[in-house]
Amino acid sequence: MKEKELRRSLAVLPIGTVMKLTDLTARQIRYYEEQGLVIPERNEGNRRMYSLNNIDKLLEVKDYLAEGINMAGIKQIYAERAQEEAKRQAKREKSLTDADVRRILHDEFVTVSGLSKQNQFSFRNNGL
DNA sequence: CTTCTTACA
DNA sequence: TGTAAGGA
């Protein structure tokens with residue numbers, strides 16, 4: 001499920017194709033870019049190149065606009081999503097940290113008590 | 001021919 | 001948002 005995401009992120013579509021796929025004018029597509037929504041890559045000739053994910057986002061923006069939401073509103077929606085994503089990532093990092101805490105605490109115990117893995121085994125055999 | 005930027009009777 | 005201009 002990752003090879004798929006990679007392909008969806010490949011910028012291979014020129015603006016002309018995007019216009020047909022989204023039914024948006026070049027003017028609109030470039031304007032949304034100015035507004036910070038859907039920034040395409042550029043090829044050697046400074047031409048905009050879009051990915052399938054870019055297409056999806058443009059269609060999404062188009063829908064919001066059709067629903068009567070203005071540029072400011074759409075920006076807010078994406079700003080909120082970005083903040084939520086940031087929090088999810090922060091929480092994930094915290095979980096990994098907690099897992100490491102056990103190992104760190106365990107190693108700390110072994111060091112302070114002067115017990116190596118091998119000696120711990122020996123103690124068990126001696127009824128400790 | 002397609003796309004780019006800039007500007008606006 | 002449309003469209004013209006001038007260049008790539």
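A, B, ... follow the sequence lines: proteins, then strands. Residue 1 opens every chain. Basis for what follows: all heavy atoms, side chains included, without hydrogens, waters or symmetry-related copies.
- If you take CD of A:Glu34 and C1' of B:dT6, they are 11 Å apart, rounded to a whole angstrom.
- As a whole-Å value, the separation of A:Met19 CE from C:dT3 C1' is 13 Å.
- Taking every side-chain heavy atom of A:Thr25 into account, C:dG2 is the closest of B:dT3, C:dG2, C:dT1.
- Contact check for A:Ile29 versus A:Met19: side-chain heavy atoms found under the 4.5 Å cut-off.
- Taking atom CZ of residue A:Arg42 and atom P of nucleotide B:dT2, one finds them 19 Å apart after rounding to whole Å.
- Using a 4.0 Å cut-off between charged nitrogen and carboxylate oxygen, A:Glu41 and A:Arg48 do not count as a salt-bridge pair.
- With respect to A:Glu84 and A:Arg88, no salt bridge is recorded, no charged nitrogen being found less than 4.0 Å from a carboxylate O.
- One can place CG of A:Asn43 at 12 Å from C1' of C:dA8, the figure rounded to the nearest angstrom.
- Between the A:Thr22 side chain and the A:Val18 main chain, a donor and an acceptor come within less than 3.5 Å of each other.
- Between the A:Asn54 side chain and the A:Ser51 main chain, a donor and an acceptor come within less than 3.5 Å of each other.
- Separating the CG atom of A:Asn46 from the P atom of B:dT6 is a distance of 10 Å, rounded to the nearest angstrom.
- Rounded to whole Å, the distance from NZ on A:Lys20 to P on B:dT3 is 8 Å.
- Here A:Arg42 pairs with A:Glu33 in a salt bridge; the nearest charged N to carboxylate O distance falls below 4.0 Å.
- Within the structure, every side-chain polar atom (N or O) of A:Tyr31 is placed at least 4.0 Å from both OP1 and OP2 of B:dT6.
- A:Arg30 has its CZ atom 7 Å from the P atom of B:dT5, to the nearest Å.
- Taking atom CD of residue A:Glu44 and atom P of nucleotide C:dA8, one finds them 18 Å apart after rounding to whole Å.
- To the nearest 0.5 Å, the span separating CD1 on A:Ile39 from CD on A:Glu34 amounts to 10.5 Å.
- Phosphate contact (OP1/OP2 of C:dT3, side-chain N/O of A:Arg27, threshold under 4.0 Å): absent.
- Counting only Watson-Crick and G-U wobble pairs whose two key distances fall under 3.5 Å, DNA chain B forms stems of three or more stacked pairs at B:4-8 with C:2-6.
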